[in-house]
Amino acid sequence: MPKELLVYIDGKFVPESEAKISVFDHGFLYGDGVFEGIRAYNGKVFKLREHIDRLYDSAKAIALEIPISKEEFMKIILETLRVNNLRDAYIRPIVTRGIGDLGLDPRKCSKPTIIVITRPWGKLYGDLYEKGLKAVTVTIRRNPIDSLPPNIKSLNYLNNVLAKIEANVKGGDEAIFLDKNGYVSEGSGDNVFIVKNGLIVTPPTINNLKGITREVVIEIIERLKLPFKEANISLYDLYTADEVFVTGTAAEIAPIVEIDGRKIGDGKPGRITKILMEEFKKVTEVEGVPIYD
């Protein structure tokens, strides 16, 4: 029987089956907390500093003070990977408001809860990277920026879950959100790009998450000197694109070949998408913070 993985909770490593938080933790009661999704490839954690910076930015945006330094947090992540003997993994650091009472007032929570989960991880979409994903737009809108800004990566992910439920019902591999103005926002857990006549376009990160994989892809695009711009995207732009792909830590770069029953391009992963997928793989093979000395 395989050894049970360990989870870090507030200074201790405990077996997954014993990893517990209080029912009075505001992360559980109200989604009051923040998290990140990070990947390790071949013994190196990819974009660790960038993810930790975003975690602390999310915490600051909800007035949650993380009681340890960024350097300390990164050491905890690396140690969690080491105790689980992992080299290729998905990493989930979580900070909740902590234990309070049944009221909403965060002042009742005296100390944040810090959790790090690490798991072996393969391809999120399996063989769909070769065939391409079918996506559907969903009727539920992305949280407006004046309500719960999408750039706060909070534990309140019900908006995303509702989108995924609708995509499941409609037979889609992924959901595509529109914002309250009808512009394309993002997927249920990834950023959206289109290619039209050789030009790569992605929405500005006002109505969607400042994706770290998104930034890596933009850096690759610029290095390859491919035509690119940030601009609002409409449903029409999606339907008539030559290529569509999504980017995210878990998804990496995934091609979309059908949206709402419309075939994208020739219905196969596009040339530019495949170039970016290959280049992204090269980057993840060489960059990252070593887990083991």
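In the displayed structure, Lys60 atom NZ is contacted under 6.0 Å by at most 12 heavy atoms of other residues, nucleotides or ligands. In the displayed structure, Tyr129 atom OH is contacted under 6.0 Å by more than 12 heavy atoms of other residues, nucleotides or ligands.
Phe177 and Tyr239 fall into different hydrophobic clusters, where Ile, Leu, Val, Met, Phe, Trp and Tyr are joined by side-chain heavy atoms under 4.5 Å apart, directly or via other members. Under a hydrophobic-cluster definition in which Ile, Leu, Val, Met, Phe, Trp and Tyr are linked whenever side-chain heavy atoms come within less than 4.5 Å, directly or via other members, Leu148 and Ile206 are assigned to different clusters. Clustering ILVMFWY residues whenever any of their side-chain heavy atoms sit less than 4.5 angstrom apart, transitively, puts Ile212 in a cluster other than the one holding Leu48. Hydrophobic clustering (side-chain heavy atoms under 4.5 Å, transitive across Ile, Leu, Val, Met, Phe, Trp, Tyr) groups Ile221 together with Ile233.
Remark: Ile256 CD1 to Leu238 CG distance equals 9.5 Å, nearest 0.5 Å. With rounding to the nearest 0.5 Å, the separation of CG in Leu276 from NZ in Lys274 is 12.5 Å. A distance of 9.0 Å separates CZ of Arg54 from CD1 of Ile38, quoted to the nearest 0.5 Å.
Counting only heavy atoms from C-beta outward, the side chains of Glu72 and Ile114 never approach each other to under 4.5 Å.
With hydrogens and angles disregarded, no donor-acceptor distance shorter than 3.5 Å links the side chain of Lys196 to the backbone of Asp237. Although no hydrogens or angles enter the test, the distance criterion places a donor-acceptor pair under 3.5 Å between the side chain of Thr240 and the main chain of Tyr236. A donor-acceptor pair under 3.5 Å is formed between the side chain of Tyr8 and the backbone N or O of Gly11. Of the possible donor and acceptor atoms, none in the side chain of Lys268 sits under 3.5 Å from a partner among the backbone N and O of Val257.
Closest heavy-atom contact between Val34 and Leu55: CG2-CD1, 3.7 Å.
For the salt bridge (Lys or Arg N to Asp or Glu O under 4.0 Å) condition, the pairs that include at least one residue of residues 222-235, sequence neighbours left out, are Arg214-Glu230, Arg223-Glu279.
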Quiz item: Taking it one step at a time, do Lys75 and Glu79 satisfy salt bridge (Lys or Arg N to Asp or Glu O under 4.0 Å)?
Solution: CA-CA 6 Å; Lys75 286 178 183 177; Glu79 184 59 25; over 6 Å; no
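Cluster partners of Val23 are Val7, Ile9, Val14, Ile21, Phe24, Phe28, Leu29, Tyr30, Phe35, Ile94, Ile99, Leu102, Leu104, Ile115, Ile117, Leu155, Tyr157, counting Ile, Leu, Val, Met, Phe, Trp and Tyr whose side-chain heavy atoms approach within less than 4.5 Å, directly or via other members.
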